[in-house]
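Input: a single structure, listed below in structure tokens.
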There are 2 protein chains.
Amino acid sequence: MHEDRPRAPSSPAPAAQEGGKPEADTAPDARTAPVPEVTKGQHALTIEDIARLSGVSTKTVSRVLNHSSVVSDAMRARVEGVIARTGFVPNAQARALALRRNFLVALVHDGRDRGIAEEVEDGLLDAMADSDYALLVHRVPGFSPAPQFAPRRTDAHAAPNPDTVLAPLTRFIARHRPAGLLALPPLSEHPGLAEACTQAGVSCLRIGATRDGMGLAGPDRAAMAQAVSWLVAAGHRRIALVSGPETGFGAQAREMGYLDAMADHGLDRGPSLIEPGDYSRASGLAAGRLLLELSPRPSAILACNDAMAAGVLQAAHERALAVPGELSVIGFDDTPLAELTAPPLSSVHLDWRAIAAEAFARIVDPDRKHPSKQDRPLDAYAGYRLVERGSNAPLAPPAPRYRQTTRAPAPPPGPAIKTPPQHEAD
Amino acid sequence: MHEDRPRAPSSPAPAAQEGGKPEADTAPDARTAPVPEVTKGQHALTIEDIARLSGVSTKTVSRVLNHSSVVSDAMRARVEGVIARTGFVPNAQARALALRRNFLVALVHDGRDRGIAEEVEDGLLDAMADSDYALLVHRVPGFSPAPQFAPRRTDAHAAPNPDTVLAPLTRFIARHRPAGLLALPPLSEHPGLAEACTQAGVSCLRIGATRDGMGLAGPDRAAMAQAVSWLVAAGHRRIALVSGPETGFGAQAREMGYLDAMADHGLDRGPSLIEPGDYSRASGLAAGRLLLELSPRPSAILACNDAMAAGVLQAAHERALAVPGELSVIGFDDTPLAELTAPPLSSVHLDWRAIAAEAFARIVDPDRKHPSKQDRPLDAYAGYRLVERGSNAPLAPPAPRYRQTTRAPAPPPGPAIKTPPQHEAD
DNA sequence: TTGTACGCGTTATCAT
DNA sequence: ATGATAACGCGTACAA
């Protein structure tokens, strides 16, 4: 940074003088002599130190570290003993440089839709917990599917000004060279993303349904269809949907699931029962207001994510509608916020953590890294289930005449979180 | 990884043959010949390529990259032109190795209290957006202050089994060598954290108030006191508090702010008005239930974070208490979830993003990196304000019969989000 | 002001 | 099965 300047006042002393770190300086032989085995707080240990302490070459230590199958057991035990005693940890940067393969996984999002971001991040951290990998979190400006950044509507398929998202992302990749990249929706739906990553030499995993069908998606369509069926089984007939942005492919899958099930049950699925949102709470509130004004009011509203469902709850609150007494509300994704609403939100749980774990596995495992196998649907891995909290209930048996005051007959007291018939899609 | 094994089927071809990347192989001179200037999709460009393309030495390119002040303008222009044309980006790992200083900032948390984690993470990403740095997110097992992990209560000052948190963290640091480490509460209150980081050679910034007063804290105490004063000005007299875990120093600061203000206003601050929580929604719900059973019911409840405030909202919902009509609820931290509750939660906004930005600045800026200057209170940087959403209101004008007082003449109605007198603590 | 030789910590090649 | 040597990409000391 400040090379060639008169004098940098930061580091008090040159690193070479800091500790007693032995280096092959002029007379390497003199260094085989007494050296404190556990050199704490001084300069970091290197593989060379371990080699010297073990009386072997650096390459042998390297082999031990990399679990090479050719080292003899005796040698392995000796080296591992020294490593354990000294607490040596190999330097990830140096390994990355030599291997041309970094021990970083990048999670890339656009700063919105935090709900599933948390789930995926947690799942990744779980998966990486005992590995050598670390998690890089990166944010890019965000692109069209989100309405507030879409000044003018263009063809949904058109690449929306690739420079603002792809160019910075490419620079990020080139700079830090992560082993793999995980893109979160809606970024994962960016048309040029996969190719940009491939060109930059990192394997790209996209989370969520994508238009090319290669995203790491959960069974969105089936899950939403099942949610409708559950409501129907609970006596609901007039079931509305707050859909996602029509530019989003994942949102489309969920909407299709709704349409599937409504058709299967022979229910009215007129357009008025579907209000589009943009995954934000505000849009859910707006949609909820509209839906609750419908002439025969829906007795249940499904939302394509939890934030919009929270907005629907708010709309119900505004109209003094009892939830779940007079209105059932069900969200989607089962994000942490679902248990923070009042009442706690029932939600369709998709196992984003498992999907994240699978993504990590594909990045790390050379076999799965093969282009033909990576970044494709994951239906086999992730199930779904309805997590019932308190925002849904069976339709009250006594059909309401005009304003029959037979208030919700004390819904059956059950456990706060009930998980009815788990449907593992496999 | 798979060295010495018979044959690794992963990489189809040795890297050396992949592209036309010129290397000083046997006859370096032959390579000065025609080379496509923009070599896309092939092997990554190095500083050497840029040097050759610009007709200068690698060191000159390095100087340009590092904004050294000794390069001539002509030379700088030439090199920068080539860099821009080729889209070259320096390899962070190689720089880290040479500089012995990594371009990573680690954000470390224990997996809970996601609210402020998001804010801090966003603030960091903002601050790092145009820098060479990247954000590493790491999770450690979590330690005592959180009740569910505290099997038996010991002295709050005692180090709670350092091995489970410090040892893995030390390994993480040794492995990835971040330039700096940001610890989130409650991890930031871990007694041995700062020393462990210092020993490992990374600068450690702790977010939130710490017992030694060196954490990067906001004006928690003053902000909470002000929150009480705002409620008093709105006519409230019976104001309850859902406090944080008494082992947490940050939570203590907030509770003290409450006590300060209650005393200043000469109000009852008996222990029954304070219910302890653990920052979880469930604890807020439990505390809310208790507080709402009090004989003269509190007209306002403050919570030490937003999640607990959400629990209080739920408790009010259970008792069919109108919020804010019959009960005002105010949260703390102003996290994203505040606008997802019903009604949206008024909350005391602490500028965690600014605090995160300051933390990053201290990590990057060599001047601030000096031990005597780093990791100390930040009152001067962060202000606070009350973000009014919809969960608080003036006490209903029809005053109680006995205590007829001319208090609080219906504060002026304002916009949904009002930021009353900003108090910059400086 | 610019270039040369070497070090950073680790792994791969090729010998033994 | 193990070891010497040369990369990996970039920065620095020192020379020019």
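Below, chains carry the letters A, B, ... as their sequence lines are ordered, and counting in each starts from 1.
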*Could B:Arg52 and B:Glu48 be called an ion pair, given the rule that one side-chain N must be under 4.0 Å from one carboxylate O?*
no
Electrostatic pair B:Arg139-B:Asp110, nearest N-O below 4.0 angstrom: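 Here B:Arg139 does not pair with B:Asp110 in a salt bridge, since their nearest N and O are not under 4.0 Å apart.
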Check: Between A:Pro90 and B:Thr58, which is nearer to the 5' end of DNA chain C once each is assigned its nearest nucleotide?
Finding: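 That would be B:Thr58.
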When the nearest nucleotide of DNA chain C is assigned to A:Gln93 and to B:Gly55 on a heavy-atom basis, which residue is associated with the more 5' position?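 It is B:Gly55 whose nearest nucleotide is closer to the 5' end.
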[options]: which one has an atom nearest the side-chain heavy atoms of [X]?
| X | options | value |
| --- | --- | --- |
| A:Ile47 | C:dT10, D:dA4, C:dG3 | C:dT10 |
| A:Leu65 | C:dG3, C:dT11, D:dG11 | C:dT11 |
| B:Ser57 | C:dT4, C:dT10, D:dT12 | C:dT4 |
| B:Leu97 | D:dT2, C:dG9, D:dT12 | C:dG9 |
| B:Ala98 | C:dT10, D:dT2, D:dC10 | D:dC10 |
| A:Phe88 | C:dT11, C:dT10, D:dG3 | C:dT10 |

So A:Val61, base contact, sugar-phosphate only, or nothing? Heavy-atom distance under 4.0 Å.
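Here A:Val61 touches no strand at all.
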Please classify the nucleic acid contact of B:Val71 as base, sugar-phosphate, or nothing, using heavy-atom distances under 4.0 Å.
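Result for B:Val71 = sugar-phosphate.
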Q: Confirm from the modelled atom types if A:Lys59 and D:dA4 form a donor-acceptor pair under 3.5 Å, side chain to base only.
A: no
C:dG3 base / B:Arg63 side chain donor-acceptor hit below 3.5 Å: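 For B:Arg63, whose side chain was compared with the base of C:dG3, there is a donor-acceptor pair (under 3.5 Å).
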How many Å lie between [atom1] on [X] and [atom2] on [N], as a whole number?
| X | N | atom1 | atom2 | answer |
| --- | --- | --- | --- | --- |
| A:Glu48 | D:dT5 | CD | P | 13 Å |
| B:Leu99 | D:dG11 | CG | P | 6 Å |
| A:Asn102 | C:dT10 | CG | P | 14 Å |
| B:Leu45 | D:dC8 | CG | P | 14 Å |
| A:Asn66 | C:dT10 | CG | C1' | 9 Å |
| A:Arg52 | C:dG9 | CZ | C1' | 14 Å |
| B:His67 | D:dC10 | NE2 | P | 15 Å |
| B:Arg101 | D:dC10 | CZ | P | 16 Å |

Below the 4.0 Å mark, does [N] have OP1 or OP2 next to a side-chain nitrogen or oxygen of [X]?
| X | N | answer |
| --- | --- | --- |
| B:Asn91 | D:dC8 | no |
| B:Ser72 | C:dT1 | no |
| B:Arg95 | D:dG11 | yes |

The reported gap from CZ in A:Arg95 to CG in A:Leu65 (rounded to nearest 0.5 angstrom) is 6.5 Å
(request) Heavy atoms only: give me the nearest B:Ile363-B:Gly180 pair and the separation to one decimal. (result)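 Looking at all heavy atoms of both residues, the closest pair is CD1-CA, 3.7 Å.
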Contact summary for B:His176 and A:Tyr133, nearest pair of heavy atoms:
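Minimum heavy-atom contact is NE2-C, 4.1 Å.
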Q. If you count the non-hydrogen atoms of other residues, nucleotides and ligands that lie under 6.0 Å from CZ in B:Arg76, is the total more than 12?
A.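 Yes, because the 6.0 Å sphere around CZ of B:Arg76 holds more than 12 heavy atoms from other groups.
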